Engineer: 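Here it is: the structure, laid out below.
Everything numeric in this text was worked out from a predicted model, so none of it was measured. Below, chains carry the letters A, B, ... as their sequence lines are ordered, and counting in each starts from 1.
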Amino acid sequence: GQNIDQPTEMTATEGAIVQINCTYQTSGFNGLFWYQQHAGEAPTFLSYNVLDGLEEKGRFSSFLSRSKGYSYLLLKELQMKDSASYLCAVRAGANNLFFGTGTRLTVIP
Amino acid sequence: DAGVTQSPTHLIKTRGQHVTLRCSPISGHKSVSWYQQVLGQGPQFIFQYYEKEERGRGNFPDRFSARQFPNYSSELNVNALLLGDSALYLCASSSALGLESYGYTFGSGTRLTVV
């Protein structure tokens, strides 16, 4: 089975940096994804890691440590529009995607 | 170029009824996956289809079934609806078996309410 854990809620200030952590236990690991989901909308792709290390894409960065079963999503220069749920998902098994419960981020002025 | 389209967008059903949800993947994509997302939770994997064959099944009862058509569109069927089936049902498409670095592209979902 797949077990993916991330904090339920986080709050951060506009302009600041926030790190959202994700730990996982899975069989047949084949990549980790981060998605952003605004309320009532579809998840949208943010980042992908399959090898250890940091992937940077503009204000967003994602880190993976396969040996520790750990990833984080780093958001810099927070904007109000970044208020959303952030979903950690692991591709495993027969290349299916399994999601954590999501972290609801609230950005305050 | 159209994205992943799902229909209907909203649906209200009564306990015990059945429902059919539809999904059209991005043109050229051959794989469709279905997810159930209960309010406040992450999406839960239900099925994956590739080239009209089931390639994965999550931990859902047999009341849930799906199929994929020759044009790669897909239907999710749920029989004997329960109140707990109320959720957002998401469809995701990928060109192969989701091996691309961008994973899957999601549709906007069908909001099912069971009363």
Engineer: Please find out if less than 6.0 Å separates the ring center of B:Phe60 from that of B:Phe47.
Structural biologist: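 No, the ring of B:Phe60 stays outside the 6.0 Å limit from the ring of B:Phe47, centre to centre.
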Engineer: Against chain B, label A:Gln37 side chain, backbone, both or neither, depending on which of its atoms sit under 4.5 Å from a heavy atom there.
Structural biologist: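 Answer is side chain: those atoms of A:Gln37 sit under 4.5 Å from chain B.
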Engineer: Of the backbone (N, CA, C, O) and the side chain (C-beta and beyond), which part of A:Leu87 lies under 4.5 Å from a heavy atom of chain B, both, or neither?
Structural biologist: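 The answer is the side chain of A:Leu87.
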Engineer: What's the verdict on side-chain hydrogen bond (donor to acceptor under 3.5 Å, both in side chains) for A:Tyr72 and A:Gln6, showing C-alpha distance, side-chain angles and the deciding distance?
Structural biologist: CA-CA 9 Å; A:Tyr72 68 72; A:Gln6 51 183 131; over 6 Å; no
Engineer: With a 4.5 Å cut-off on side-chain heavy atoms, are A:Phe45 and A:Phe33 touching?
Structural biologist: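 SC-SC contact between A:Phe33 and A:Phe45 confirmed.
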Engineer: Pick one of side chain, backbone, both or neither for B:Gln37, based on which atoms fall under 4.5 Å of a heavy atom in chain A.
Structural biologist: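 Only the side chain of B:Gln37 comes within 4.5 Å of chain A.
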Engineer: Quick check on the interface: out of A:Gly102, A:Pro43, A:Ala42, who has the most heavy-atom pairs with chain B under 4.5 Å?
Structural biologist: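 Looking at each option in turn, the highest pair count goes to A:Pro43.
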Engineer: Enumerate donor-acceptor pairs with a distance under 3.5 Å from any side-chain N or O in residues 13-20 of chain A to protein atoms, sequence neighbours excluded.
Structural biologist:
from: A:Gln19; atom 1: NE2; to: A:Asn21; atom 2: OD1; distance (Å): 2.9
from: A:Gln19; atom 1: NE2; to: A:Tyr70; atom 2: OH; distance (Å): 3.2

Engineer: With chain A as the partner, which of B:Pro43, B:Ser108, B:Ala92 has the greatest number of non-hydrogen pairs under 4.5 Å?
Structural biologist: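 Sorted descending by pairs with chain A, the first entry is B:Pro43.
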Engineer: Go through it in stages, so that I can follow the logic: the residues are A:Tyr48 and A:Arg91, the test is side-chain hydrogen bond (donor to acceptor under 3.5 Å, both in side chains), and I'd like the CA-CA distance, side-chain angles, deciding distance and then a yes or no.
Structural biologist: CA-CA 10 Å; A:Tyr48 167 75; A:Arg91 186 167 61 196; 2.9 Å; yes
